[in-house]
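Every chain is numbered from 1, with letters handed out A, B, ... down the list of sequences. Everything numeric in this text was worked out from a predicted model, so none of it was measured.
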There are 2 protein chains.
Amino acid sequence: MSETKKLNGVFSPVITPFLADLSPDTNRMVRHCQWLVDQDVGLAIFGTNSEANSLSVGEKINLFDALIEAGIPVERMMPGTGCCALSDSVELTRKVVQGGAKGVLMLPPFYYKGVSEDGLFASYSEIIQRVGDDRLRIYLYHIPQVSQVPISLGLIERLLKAFPNTIAGIKDSSGDWNNTKAMLDLYQPQGFDVFAGSESFLLANMRAGGAGCITATGNVNPSPIVNLYKTWQASDADVQQVNLDMIRNTFAKFPMIPALKAAVAHWAKDGQYATVRPPLVALTHSDADELIGALKALNFAMPGI
Amino acid sequence: MSETKKLNGVFSPVITPFLADLSPDTNRMVRHCQWLVDQDVGLAIFGTNSEANSLSVGEKINLFDALIEAGIPVERMMPGTGCCALSDSVELTRKVVQGGAKGVLMLPPFYYKGVSEDGLFASYSEIIQRVGDDRLRIYLYHIPQVSQVPISLGLIERLLKAFPNTIAGIKDSSGDWNNTKAMLDLYQPQGFDVFAGSESFLLANMRAGGAGCITATGNVNPSPIVNLYKTWQASDADVQQVNLDMIRNTFAKFPMIPALKAAVAHWAKDGQYATVRPPLVALTHSDADELIGALKALNFAMPGI
């Protein structure tokens with residue numbers, strides 16, 4: 001295993017703001033990234049909650065370039081680069097690795113269902129060989145309820161054996177702690193870093209030797225999540241976890257991406273943040289009001305946004 | 001409704017041949033398209049069985065241009081143009097419509113699951129407005145077992161009302177005849193053309209007023225399928241249907257796309273056709289032998305390929 005696996009802590013799949021014409025809004029994205037970095041949250045740009053699969057590869061490359069140009073630190077990024085098409089995954093991965101990203105979060109190709117472990121192994125293998133860059137570090141992305149294409153333990157085992165310097169870890173968004181625990185027990189000792197897919201499992205993951213979490217609600221509740229990451233051995237860790245859960249569960253009563261954007265729009269006093277791309281739909285005004293009201297009742301705020 | 005809805009008959013999602021380096025093989029694709037056209041099969045290029053979602057938009061555009069340049073008739077094409085990303089769907093759809101395609105087969109965006117009817121309506125609506133071409137004719141693509149994003153009757157109703165000249169029909173690949181029948185009863189009388197998703201339902205679809213079928217096995221068994229389409233009112237139609245089913249069911253014992261490619265490779269005496277892109281895997285030699293043997297036992301052949 002390579003000793004250069006440095007990404008850990010709390011990452012957030014950064015929301016992608018859109019202009020009124022639904023084009024990606026680089027200025028607002030830069031602003032949001034800066035706010036997150038200032039609070040020690042890493043930037044899992046182009047994740048599920050970034051609406052990344054509603055963006056073309058060209059749009060993602062343009063956004064990446066714009067963030068770098070604006071001074072957002074590439075060392076804090078873990079861009080999502082797994083697409084349906086082999087050629088798209090290769091192009092986007094190569095771009096961000098050459099641009100300095102220390103790791104990428106890679107979905108399996110997700111259109112065809114019921115594909116074999118051999119086929120998924122071949123997919124990752126072809127991408128790794130075609131990118132052909134020793135600096136590439138891949139974090140696998142297991143989110144079966146959305147991708148419908150799971151990353152099995154057997155696949156991890158084969159990939160780690162074939163590409164020990166490249167396969168760096170996983171984000172487990174299954175919500176199945178037994179699965180996360182199996183990964184921690186089997187592969188974390190080999191330096192394969194396991195990130196929980198949300199802060200709901202952050203404390204459990206840290207206690208079991210995990211690397212942190214990559215979480216949608218990092219977009220809105222960064223400091224408290226980072227605090228638990230940093231103080232998970234403190235005596236109030238369980239209380240912190242309960243408080244994080246209350247905030248997350250409030251968001252989870254609504255479709256997550258529109259809810260995140262509604263909260264950012266409210267606390268940034270900038271309604272444009274609420275825009276989503278189809279097939280998603282923004283929260284209705286009444287749903288947004290209900291969300292904001294429920295969050296305020298929990299003394300939630302987004303200071304400095 | 002527009003009176004220019006002309007696409008009907010038997011279409012096939014044309015297999016996409018690949019070279020050894022997994023790049024799209026335009027020469028073999030031209031040859032295969034020509035063989036299909038010669039047997040009166042329309043070209044649903046870039047369909048599910050074309051591995052279209054394993055190709056980038058750029059690769060699809062290059063293939064489209066190459067087919068046109070080689071003299072493959074664009075009037076016989078119904079390219080698949082629905083991608084995950086709004087921007088990709090717009091780019092590809094615009095390209096093929098400007099290139100002369102009389103219809104496109106359009107998947108809904110398929111990464112995000114559980115999306116609302118409002119969101120899917122917004123997706124199709126944005127694409128139609130952004131393509132902005134009166135010649136656009138959309139065939140919706142309902143294949144819930146793969147896309148996991150169904151096209152509901154309610155969505156069809158709303159789209160037909162909003163875009164009566166653009167929404168031309170549907171391919172129903174659900175395999176649920178009750179669903180196909182509901183579409184035929186409700187919308188075919190308005191000129192909304194219902195294509196069965198395979199020849200298994202071709203006779204039933206024609207008897208109920210449908211427009212034909214769009215079928216994977218059109219790649220390998222074109223003439224017999226076209227014959228049933230043309231003679232569905234003949235006395236031997238039920239016997240023809242049984243014979244078609246036997247061939248299809250033989251292919252369906254294996255993963256469909258690798259099996260189609262194995263059969264083309266065998267009868268064209270050109271092993272290169274068997275290559276698939278990850279995440280798919282070619283049939284093993286023994287599976288290919290079993291398939292070919294079973295087909296020969298049914299007196300199956302691919303004359304002229």
Side-chain angles (χ1 to χ4, degrees), chain A residues 18 21-24 48-49 51-60 62 82-92 107-127 130 143-149 255-258 276-282 284, chain B residues 18 21-24 48-49 51-60 62 82-92 107-127 130 143-149 255-258 276-282 284:
Chain A
F18 293 107
D21 69 358
L22 301 182
S23 60
T48 296
N49 286 282
E51 299 173 73
N53 290 304
S54 299
L55 301 171
S56 70
V57 170
E59 288 172 328
K60 284 181 260 203
N62 288 342
C83 306
C84 281
L86 177 63
S87 33
D88 282 338
S89 298
V90 170
E91 181 182 2
L92 185 56
L107 276 170
F110 53 81
Y111 181 69
Y112 297 98
K113 307 303 190 296
V115 294
S116 65
E117 196 175 288
D118 283 349
L120 293 175
F121 179 84
S123 173
Y124 282 108
S125 172
E126 286 291 340
I127 293 168
R130 284 156 194 263
I143 182 167
Q145 70 279 27
V146 182
S147 68
Q148 303 281 331
V149 178
M256 181 57 80
I257 300 170
V276 295
R277 253 193 190 181
L280 303 187
V281 175
T284 61
Chain B
F18 293 106
D21 69 358
L22 301 182
S23 61
T48 295
N49 285 281
E51 299 172 72
N53 289 305
S54 300
L55 302 171
S56 70
V57 170
E59 289 172 326
K60 285 181 260 203
N62 288 342
C83 307
C84 281
L86 177 65
S87 34
D88 283 337
S89 298
V90 170
E91 181 182 2
L92 184 56
L107 278 169
F110 52 81
Y111 181 68
Y112 297 98
K113 307 303 189 297
V115 294
S116 66
E117 196 175 289
D118 283 348
L120 293 175
F121 179 84
S123 173
Y124 283 108
S125 172
E126 287 291 340
I127 294 168
R130 284 156 194 263
I143 182 168
Q145 71 278 28
V146 182
S147 68
Q148 303 281 332
V149 179
M256 180 58 80
I257 301 170
V276 296
R277 252 191 191 184
L280 303 187
V281 175
T284 61

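At a 4.5 Å heavy-atom cutoff, the contact between Leu55(A) and chain B is made by backbone atoms alone. Looking at Ile257(A), only its side chain comes within 4.5 Å of chain B, counting heavy atoms on both sides.
The shortest heavy-atom contact between Ala85(B) and Ser56(A) is CB-N, 3.7 Å. Nearest heavy-atom pair, Ser87(A) versus Ser54(B), reported as atom, atom and distance to 0.1 Å: OG-O, 4.3 Å. Of all the heavy atoms in Pro278(B) and Leu86(A), the pair that sits closest is CD-CD2, 4.5 Å.
When Val57(A), Val146(A), Val115(A) are compared by the number of non-hydrogen pairs under 4.5 Å with chain B, Val146(A) comes out ahead. Chain B forms more heavy-atom pairs under 4.5 Å with one residue of Ile127(A), Val281(A), Val276(A) than with any other, namely Val281(A).
No side-chain donor-acceptor contact under 3.5 Å links Thr48(B) and Tyr112(A).
Atom CG of residue Asp118(A) and atom CG of residue Leu280(B) lie 12.0 Å apart, to the nearest 0.5 angstrom. Atom CZ of Arg130(A) is separated from atom CG of Leu22(B) by 4.5 Å, given to the nearest 0.5 angstrom. Note that SG of Cys83(A) is 9.0 Å distant from CG of Asp88(B), once rounded to the nearest 0.5 Å.
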Any chance you could lay out the side chain to side chain contact (heavy atoms under 4.5 Å, CB included) test for Phe110(A) and Phe110(B), step after step, and finish with the verdict?
-> CA-CA 9 Å; Phe110(A) 53 81; Phe110(B) 52 81; 3.7 Å; yes

Give the intermediate values and the outcome of side chain to side chain contact (heavy atoms under 4.5 Å, CB included) for residues Gln148(B) and Lys113(A).
-> CA-CA 10 Å; Gln148(B) 303 281 332; Lys113(A) 307 303 190 296; 4.0 Å; yes

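Residues satisfying the salt bridge (Lys or Arg N to Asp or Glu O under 4.0 Å) test with Glu91(B), not counting sequence neighbours, are none. With sequence neighbours excluded, the residues forming a side chain to side chain contact (heavy atoms under 4.5 Å, CB included) with Pro109(A) are Leu120(A), Ser123(A), Pro279(B), listed by chain and number.
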